[in-house]
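To keep things clear, I will list the structure first and then write my remarks on it.
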There are 2 protein chains.
Amino acid sequence: MAGFVSHFTNRLDAKGRVSIPAPFRSVLVRDGFEGLYCIASPHCAAVDAGGNDLLAEINKRSEAFAKLSPDHDALAIALFGASENLRIDGDGRMTISDTIRDHTGITDQVTFVGMNYKFQIWEPEKFREFRAEAQRRALAMLSEQRSASSQGEPV
Amino acid sequence: MAGFVSHFTNRLDAKGRVSIPAPFRSVLVRDGFEGLYCIASPHCAAVDAGGNDLLAEINKRSEAFAKLSPDHDALAIALFGASENLRIDGDGRMTISDTIRDHTGITDQVTFVGMNYKFQIWEPEKFREFRAEAQRRALAMLSEQRSASSQGEPV
DNA sequence: TGGGTTATTATGGGATACCATGGGATTTGA
DNA sequence: TCAAATCCCATGGTATCCCATAATAACCCA
């Protein structure tokens, strides 16, 4: 199934609302999740967002440990305590909560980045930096692969 | 289905009451439990709270030991002796008992932390400290999971 | 192909409902 | 009988609903 692809930047209004890109909305409708499941990424200044697919992924992670154990508690606090179940209004908008603001540095604009089974929410400038860095790393990895394969097996 | 998610901090009033976050209340309604089941966490300065889902987990724990055995009795006392069945008033508030005060150090504010099948009740400052530690542990646990699984998915 | 028409989308703002909180009044229980 | 718990109502702030509008994209028919 086609998931979240491409990226969009929309403006926040005076009430802290922002339109979720229409293509993303139709994916969410197909997914069937009521609202929008959001979780602060532990790796970067972005928020992961999605529906049942994302939630299933998170549940899978936490189910690896027995409930009521210290390990499970720690993981549950890091995962579910950092999550939010946002609502989408009749016009396809979400409200950026203070939690998301703090974690992303969003002020007046939001960049939505499709990542197939989920999408990410970024402060536009931070996303540009992150993408530049990611591309730099990807290039380095590729050239490393190429030099390794030149003296050995094909990739 | 999404359970208790996100975290909220509310004020205690002069009578020792505090509003249970509305999203948590609607989860409790779905769960069908009358009131709020509370039990002091053995791992940390927090109180576990929830409905039938939490109660089921605790029962599962104690049933792992044969009934009438000394182990079972000890566990039953530890689990059920330390628990309370609080009631929720018409406005969705609970009263913080002295037992909970002693165990958590709560004075004038309460942080509610969603953990899917249950939520925890914390003194706000203690929660911040614990969460920082929990995030470190969770990151380590998650990266271990990912390297263990044959093909890691992108996060 | 092209020009006009209709849908869709992002954004703005007013009105309303909900929620956290405070406090008085009433009941319960020791 | 007194204190504590419970019920009930009031209120300010916030989030949600609903409708309007401009810009863009899709469509249709000649």
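Lettering of chains follows the sequences in order, A, B, ..., and the numbering in each one begins at 1.
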Using whole Å, report how far CG of A:D98 lies from C1' of D:dT14.
11 Å
Rounded to the nearest angstrom, tell me the gap between atom CZ in B:F24 and atom P in C:dC18.
21 Å
Could you give the CD-to-P distance, from B:Q109 to C:dA20, as a whole number of Å?
14 Å
Counting distance only, does the side-chain N/O of B:S19 pair as donor-acceptor with the main-chain N or O of B:P21 below 3.5 Å?
no
Is a side-chain donor-acceptor pair under 3.5 Å present for A:S97 with A:E84?
yes
Would the base of D:dT6 count as contacting B:K15 through its side chain, where contact means a donor and an acceptor less than 3.5 Å apart?
yes
Please tell me whether B:N116 and A:N59 have a donor and an acceptor in their side chains that are separated by less than 3.5 angstrom.
yes
Round to a whole Å and report the spacing from CG of A:D89 to P of C:dG13.
16 Å
Taking atom types as they are modelled, would you say the side chain of A:D91 forms a donor-acceptor pair with the base of D:dC19 within the 3.5 Å cutoff?
yes
Does the base of C:dG22 carry an N or O that pairs as donor and acceptor with the side chain of B:R11 under 3.5 Å?
no
For atom CG of A:N10 and atom C1' of D:dA23, their distance in whole Å
13 Å
Measure from the side chain of B:T95, starting at C-beta and using heavy atoms only, and say which of C:dA20, C:dA10, D:dT6 lies closest.
D:dT6
Both B:I88 and A:I88 contact DNA chain D. Which one's nearest nucleotide lies toward the 5' end?
B:I88
Starting at CZ of B:R93 and ending at C1' of D:dC8, how long is that distance when rounded to a whole Å?
10 Å
Tell me whether B:L12 shares a hydrophobic cluster with B:F119, the cluster being built from Ile, Leu, Val, Met, Phe, Trp, Tyr side chains joined at under 4.5 Å.
yes
Look at B:R17 and C:dT21 and indicate whether a side-chain polar atom (N or O) is within less than 4.0 Å of OP1 or OP2.
no
What is the distance from CG of A:L12 to P of C:dA10, rounded to the nearest Å?
14 Å
Between C1' on D:dA15 and CG on A:D13, what's the gap in Å once rounded to a whole number?
12 Å
Just checking, any donor-acceptor pair under 3.5 angstrom between side chains of B:T9 and B:T111?
yes
